[in-house]
Amino acid sequence: MSLLGSLEEIKLVDVLRLFAQGKKSGRLLVTNDEHQTALRFEKGGLVHARASIGRLEGEDAVLDLFGWRAGQLTFVPDEKTVTPNVRRGIDELVLDGLRLGETCHRMNLLIPDDRVVFQMAAPAEDAAPFEIGPREWRVLRFVDGARDVREILDATRLTRGEVVRALFELVERGYLERVVPAKSLRAVAQGLFGKDSAEMDARHDEDWRRLLRFGRGVLRVEVRASGGRSALVPASFKGGLVRDVQLPRSVLSELGVREGDDVLVKPVA
C-alpha cells in the first residue's frame, strides 16, 4: 500500500492517466472524513468503481469523484480480477467528469438515498428566473415535508434519475429545502396503564411543528423497525423521555422488536 497524496496536491485526472499509461493493476482508494471511493484497475484499464456516497457503483461513482475537493489517495497493487461495472475508457470518463462531476457530487450529497425528505421553500428575491416544466410540477405535487424520495417515485411514476434531478434543481433554485422529519428512537414498552399511542418527548413535537405540513401538530406517526415492518400509531408527547418512544406492547409485537431496539419514527398526515 502506498500513499500517493491528497486531492489538494495532485489532480485526479493526472492519476487516472498515469495509471493507464503505466498499465497499473490494483485498487485506488480515495478517502475523506466521511466517504470512500474505490477504483479497480486491470493493466491500466479502469474496470470497477464503488463509492460509499449513496452506495454508488460503476461510472456514477467515477463521475462523483470528480466533484471531491479533499481526500487522500492510496494505491494497493494486486492482480485480483473482478466483475467489471465500468465500460467506458478513461479518456471518455475524464471528459464527462470534468464537465459533470461537481454537479453529480453535490446532487449525491443532497440525495444519498431514497429516505431524504423535502419541503417547499421561498427563493431569494434576487434569484434568477427558473422555468418549472412538466417534470418539475409532477414532483412538486407530492413534496410535502413528509413523503420521501421513494414515495415520490411511486406517486409520480418517473424514473429515479428524473425525480432526483428535478429535486436537485428545485433545491438549487431555492424552491425546496431538505428536512429531516424521521427520528431514530429507542423502543420501550408502555406499562399497564400506558396510552394506546406512541408517546415521545415533547421536543420532538416542537421539531416537527417547524415543518410546514405539521405546524398544527402531529397526530400520527409511522414507526418502522430495522427489518422493514411498520405500523401507524397515534402520537402523544410529554417531557423527559429524551430519545425513548413508549409503545403499546401490541405494536412492539407487530413490529417484531424488543425493548431497547432502535426504530425509525416519522410523522404522517
Test side-chain hydrogen bond (donor to acceptor under 3.5 Å, both in side chains) on Q36 and T31; report intermediate values, then the result.
CA-CA 4 Å; Q36 181 181 81; T31 307; 3.1 Å; yes
Please find the pair of heavy atoms, one from [X] and one from [Y], that lie closest to each other, and give the distance.
X    : Y    : value
G145 : L211 : O-CD1, 3.9 Å
S197 : S236 : OG-OG, 2.9 Å
A235 : V221 : CB-CG1, 4.0 Å
M200 : W208 : SD-CH2, 3.9 Å
R173 : P123 : O-CB, 3.6 Å
A49  : V62  : CB-CG2, 3.6 Å

Sub-3.5 Å donor-acceptor pair from the side chain of [X] to the main-chain atoms of [Y], do we have one?
X    : Y    : value
D96  : L93  : no
E259 : A189 : yes
R186 : R243 : no
D201 : L241 : yes

Side-chain contact test, heavy atoms from C-beta onward, threshold under 4.5 Å: evaluate it for [X] versus [Y] and give yes or no.
X    : Y    : result
L65  : L39  : yes
R147 : F118 : no
H48  : P84  : no
R150 : R115 : yes
Q190 : R249 : no
M120 : L176 : yes
V245 : V263 : yes
Q246 : K238 : yes

Hey, can you pull the donor-acceptor pairs under 3.5 Å for the side chains in residues 15-26, sequence neighbours left out?
| unit_1 | atom_1 | unit_2 | atom_2 | d |
| --- | --- | --- | --- | --- |
| S25 | OG | K43 | N | 2.8 |

Are E162 and R138 close enough, and set up right, to give a salt bridge (charged side-chain N to carboxylate O under 4.0 Å, His left out), and what steps lead you there?
CA-CA 10 Å; E162 290 174 319; R138 286 179 69 178; over 6 Å; no
Atom pairs and distances, side-chain donor-acceptor, residues 75-82, under 3.5 Å, sequence neighbours left out:
| unit_1 | atom_1 | unit_2 | atom_2 | d |
| --- | --- | --- | --- | --- |
| D78 | OD1 | R40 | NH1 | 2.7 |
| D78 | OD1 | K80 | N | 3.2 |

Between E151 and K266, does a salt bridge (charged side-chain N to carboxylate O under 4.0 Å, His left out) hold up when you go through it step by step?
CA-CA 13 Å; E151 292 168 314; K266 184 178 76 171; 3.4 Å; yes
Tell me which one of L167, I111, L110 satisfies side-chain contact (heavy atoms from CB on, under 4.5 Å) with R178.
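Result for side-chain contact (heavy atoms from CB on, under 4.5 Å) with R178: L110.
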With clusters defined by side-chain heavy atoms of hydrophobic residues (ILVMFWY) lying less than 4.5 Å apart, directly or transitively, does [Y] cluster with [X]?
X    : Y    : value
V180 : I152 : no
V30  : I90  : yes
I53  : V116 : no
V188 : V265 : no
L4   : L46  : yes

[atom1]/[X] to [atom2]/[Y] distance, rounded to the nearest 0.5 angstrom?
X    : Y    : atom1 : atom2 : answer
W68  : H35  : CH2   : NE2   : 7.0 Å
S226 : D262 : OG    : CG    : 8.5 Å
N32  : L7   : CG    : CG    : 9.0 Å
C104 : L56  : SG    : CG    : 9.0 Å
L100 : D64  : CG    : CG    : 12.0 Å
L98  : K11  : CG    : NZ    : 9.0 Å

Please test K183 against H204 for side-chain contact (heavy atoms from CB on, under 4.5 Å), starting from the C-alpha separation and ending with a verdict.
CA-CA 9 Å; K183 296 177 179 290; H204 302 316; 3.2 Å; yes
Could you tell me whether [X] and [Y] make a salt bridge, using a distance below 4.0 angstrom between a side-chain N and a carboxylate O?
X    : Y    : result
D113 : R55  : no
E59  : R88  : yes
R209 : D205 : yes
R69  : E102 : yes

Taking it one step at a time, do L95 and E92 satisfy side-chain contact (heavy atoms from CB on, under 4.5 Å)?
CA-CA 5 Å; L95 289 176; E92 190 176 352; 5.7 Å; no
Apply side-chain contact (heavy atoms from CB on, under 4.5 Å) to the pair R135 and L158, showing each step before the final yes or no.
CA-CA 8 Å; R135 181 189 64 180; L158 295 172; 4.0 Å; yes
Does the side chain of S6 pick up a donor-acceptor pair with the side chain of Q72 at under 3.5 Å?
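Per modelled atom types, S6 and Q72 side chains form no pair under 3.5 Å.
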Students often mix this up, so state it plainly: with edges at 30° and 60°, are the rings of F130 and Y175 parallel, tilted or perpendicular?
tilted
Applying side-chain contact (heavy atoms from CB on, under 4.5 Å) to L28 and L73, what does each step give before you reach the verdict?
CA-CA 7 Å; L28 175 66; L73 293 92; 4.2 Å; yes
Under the salt bridge (Lys or Arg N to Asp or Glu O under 4.0 Å) test against R160, which residue among D60, D114, D154 passes?
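Of the listed residues D60, D114, D154, the salt bridge (Lys or Arg N to Asp or Glu O under 4.0 Å) partner of R160 is D114.
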Whether over 12 other heavy atoms sit under 6.0 Å from L109 CG
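Yes, the 6.0 Å shell around CG holds more than 12 heavy atoms from other groups.
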Mark yes when over 12 heavy atoms from residues, nucleotides or ligands other than R50 sit less than 6.0 Å from its CZ; otherwise mark no.
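Open.
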